[in-house]
Amino acid sequence: MMMLALSATARLLSKLTRLWAVAALTLCVASAAGAQSAQSVLARLLPDVDPAMLVEGADAFGPLRNDLPVAPLLSGGREIGHVFVTSDFVGTTGYSGKPIHTIVAVDDDAVILGVELVKHHEPIVLIGIPEARIKTLAADFRGLSLVEEAAAEGAGHQLDIISGATVTVMVIDDSIIRSGLKVARALGLGGLASEVDTGPGFEIDETAQAPDSWMEMEGDGTLRRLSLDVGQMNAAFAAMDDPRAGERALTEQPDTGFIDMQMALVSVPAIGRAILGEADFDNLETWLEPGEHAIAVMGRGLYSFKGSGYVRGGIFDRIVLIQDDVSVRFRDRGHRRMGRIALEDAPEFTERDLFKIPADSGFDPTKPFHLQLLVHREVAAIEKVFTTFDLSYRLPETYLKPVATAAETAPVTADDTETVAQQALWKRIWQEKTVEIAGLLAMLVVLTLAFFFQMQLTRSARAVRIFRYGFLIVTLVFLGWYAKAQLSVVNLMALFGALTTDFSWQAFLLDPLTFILWFAVAAAILFWGRGAYCGWLCPFGALQELTNHVARALKIPQIRLPWGLHERLWPLKYMIFLGLFGVSLASLEQAEKLAEVEPFKTAIVLNFIRAWPFVAYAAALLIAGLFVERFFCRYLCPLGAALAIPARLRMFDWLRRYKECGNPCQTCAKECMVQAIHPTGEINPNECLNCMHCQVLYQSETKCPVVIKKLKRRAATADPSAFLAQREGLENHPNIRKT
């Protein structure tokens with residue numbers, strides 16, 4: 001029956017592969033459908049949402065807009081905000097491989113009023129995380145300014161990660177912020193500029209010529225200027241809410257220059273050569289790496305745009321370059337003092353500096369940007385108030401040329417932008433998991449070396465025991481309770497579901513440890529079978545084995561099931577797996593709920609902090625494992641069954657055996673902790689956990705009759721009478737089957 005099911009699955013995958021191109025075409029058509037399909041998502045979900053639960057005081061939703069899948073949020077007939085679904089605007093999928101539908105409300109100032117998670121297929125949220133914790137997470141977004149997020153590149157707030165749901169929480173956060181910014185720009189909320197199609201795009205014209213005088217550069221926009229006097233500064237601080245700012249007014253004459261700051265994009269060859277001169281521009285090009293740009297900032301007056309903070313912290317905290325979502329703060333390593341200005345009519349400046357714009361910042365020199373100046377005023381001994389001023393800059397068209405005609409270049413589509421954003425999300429997750437990834441890779445290297453050199457390791461029973469206990473403790477504590485890297489049959493069902501719909505690597509790259517583990521398991525199955533994971537890298541398996549060994553130390557009696565009963569209980573886990581797999585074909589969500597037959601989330605991911613039925617079930621399995629070692633692994637684990645099915649595909653047989661194994665010797669069969677060795681001596685690769693104990697016995701000089709016999713033969717030539725006595729003792733060995 002199992003083979004028939006596998007054969008049917010293989011045929012289904014084959015058909016799906018042939019239809020892959022059709023599916024891709026369907027996706028393209030769906031993308032072209034655009035707004036209509038997006039509106040249907042909001043229209044489908046909105047009737048089930050209570051406005052008052054989303055935002056306090058709200059009582060109704062208005063009709064959907066025709067141009068965007070956005071609906072007004074009403075209170076007493078008055079519009080107080082705008083409502084949208086994140087999945088209408090961004091395509092980031094959760095760990096399940098499907099979108100997480102979250103309804104968000106924002107006001108006219110682009111401030112989030114409310115968030116509610118309405119539909120998803122995330123297994124950790126469906127059955128692992130209490131609903132109250134998700135509501136608390138959603139409440140934390142209230143009051144978040146999307147304007148500030150835009151200035152901070154979406155990283156302006158601290159994310160409260162829920163233990164055991166890191167991936168899901170980061171996906172929810174990414175979806176809310178990016179979709180919120182898209183809606184805010186589309187509606188012009190909070191003054192955010194609308195995203196428009198700039199056509200084929202432009203690039204720097206290397207052949208352009210700059211004016212040969214400072215005055216002409218100011219006139220055509222090559223140079224931009226921000227000039228503030230003392231009177232303007234006193235008026236700006238006096239208008240602030242803090243009355244102390246006005247009381248600390250500057251005492252200089254109102255027309256005294258506070259700051260006169262000018263800026264130019266000197267990485268443009270024509271501008272750089274004109275302002276810096278040929279020699280200094282050549283030095284600038286040497287300093288800049290491919291893709292990097294530089295601005296020249298010059299200033300004079302009472303206030304310094306550099307300040308002195310960079311001397312202590314290495315960062316220029318008074319200026320920041322902003323372009324759409326791009327925010328660049330300059331550090332001392334990206335700063336150079338500028339020489340004399342090459343133009344004869346240039347004014348004298350007390351500060352002349354060059355600042356590098358990194359290539360990976362996303363800065364586009366052909367688009368407008370501004371330099372924001374931060375001005376502070378001390379109002380108490382250690383208190384300051386701040387205000388900002390913008391120096392806007394747009395490269396004149398004389399320095400630009402079209403990249404290509406519409407026929408020569410492919411436009412950047414929304415799908416391209418979404419792909420880049422999704423890649424940025426999983427890359428950020430991988431960077432934040434650096435410690436865990438390094439630890440897992442180290443464990444895999446150590447385990448691989450132990451397997452390759454197992455005959456050398458298993459010469460000492462004590463060395464194997466110390467190594468195994470130590471590794472299992474690391475697996476349980478680090479890989480399980482700390483990193484939450486517990487594989488599950490849910491992973492396999494999600495993978496199959498993705499293969500049968502619109503497969504995307506993004507959904508699986510979101511969890512780096514799980515991703516690495518699955519690749520390691522796939523490779524290990526070809527070499528050693530399922531035992532590499534089940535016997536060494538499964539946190540719940542490690543918990544069972546360690547608790548059983550504690551039970552042995554406490555003299556708790558061990559139950560060894562009769563071989564006939566044991567052999568008939570093996571198929572249970574395969575039946576459970578095939579049942580879950582069959583249900584997943586009809587409903588992945590229902591299969592995820594039934595996958596609670598695995599106690600992994602309760603015991604490992606959530607550390608037993610869960611509703612009592614789940615805790616009782618996990619505890620019952622562990623208690624059973626105190627008497628029958630690895631009880632769950634042997635008879636109930638669907639993940640173990642799934643990994644055991646391809647176990648016979650392994651290319652090598654690493655476990656050495658004697659022809660006497662099983663007939664007459666039964667030592668290994670009696671001491672195998674999971675009874676994976678048949679009475680006839682064969683090792684069942686579907687059940688073997690590669691614990692190496694049989695290899696310890698294979699070389700044992702005190703337990704293996706074959707080894708003992710060889711040693712006695714060597715000693716016979718020295719003392720024949722002793723040999724006869726030893727042979728008589730060998731024949732009475734308790735693990736030799738009498739014929």
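Here the structure is a predicted model, which means the values were calculated and not measured.
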With no hydrogens and no angle check, is any side-chain donor or acceptor of Gln695 less than 3.5 Å from a backbone partner on Asn690?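 Judged by distance alone, no pair lies under 3.5 Å.
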
Give a yes or no answer on whether the side chain of Ser700 reaches the backbone of Val696 with a donor-acceptor pair at less than 3.5 Å.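 Side chain of Ser700 to backbone of Val696: no pair is present.
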
[X] and [Y]: aromatic ring centres closer than 6.0 Å?
X      : Y      : result
Phe614 : Phe608 : no
Trp536 : Phe467 : yes
Tyr635 : Trp570 : no
Phe632 : Phe540 : yes
Phe451 : Trp528 : yes

Any side-chain donor-acceptor pair under 3.5 Å between Asn607 and Lys484?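 Yes, because at least one side-chain N or O of Asn607 sits under 3.5 Å from a partner of the opposite role on Lys484.
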
Over all atoms of both residues, closest heavy-atom pair of [X] and [Y]:
X      : Y      : value
Arg530 : Cys688 : CG-O, 4.2 Å
Met692 : Ala450 : CE-O, 3.7 Å
Leu643 : Val521 : CD2-CG1, 3.8 Å
Cys538 : Gln486 : SG-NE2, 3.5 Å
Met443 : Thr475 : CE-OG1, 3.4 Å
Asn684 : Asn686 : OD1-N, 2.9 Å

For [X], does the [atom1] atom have more than 12 heavy-atom neighbours from other residues, nucleotides or ligands under 6.0 Å away?
X      : atom1 : result
Gln456 : CD    : yes
Arg568 : CZ    : no
Arg656 : CZ    : no

Arg634: which of Glu687, Met673, Glu629 passes side-chain contact (heavy atoms from CB on, under 4.5 Å):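 Answer to the side-chain contact (heavy atoms from CB on, under 4.5 Å) test with Arg634 among Glu687, Met673, Glu629: Glu629.
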
Quick one: do Lys709 and Glu660 make a salt bridge, cutoff under 4.0 Å?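 Not counted as a salt bridge, because no side-chain N and carboxylate O are separated by less than 4.0 Å.
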
With heavy-atom distances below 4.5 Å as the criterion, would you say the side chains of [X] and [Y] are in contact?
X      : Y      : result
Val477 : Tyr482 : no
Val707 : Tyr658 : yes
Leu492 : Phe581 : no
Phe600 : Leu639 : yes

Can you sort out the partners of Arg657 under side chain to side chain contact (heavy atoms under 4.5 Å, CB included), two or more places apart, ordered by chain and number?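 Once residues adjacent in sequence are excluded, the partners of Arg657 under the side chain to side chain contact (heavy atoms under 4.5 Å, CB included) criterion are Cys661, Cys668, Ile677, Ile683, Cys694.
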
Could you measure the distance from the SG atom of Cys691 to the CD atom of Glu545? Nearest 0.5 Å is fine.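 CD of Glu545 is found 7.0 Å from SG of Cys691.
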
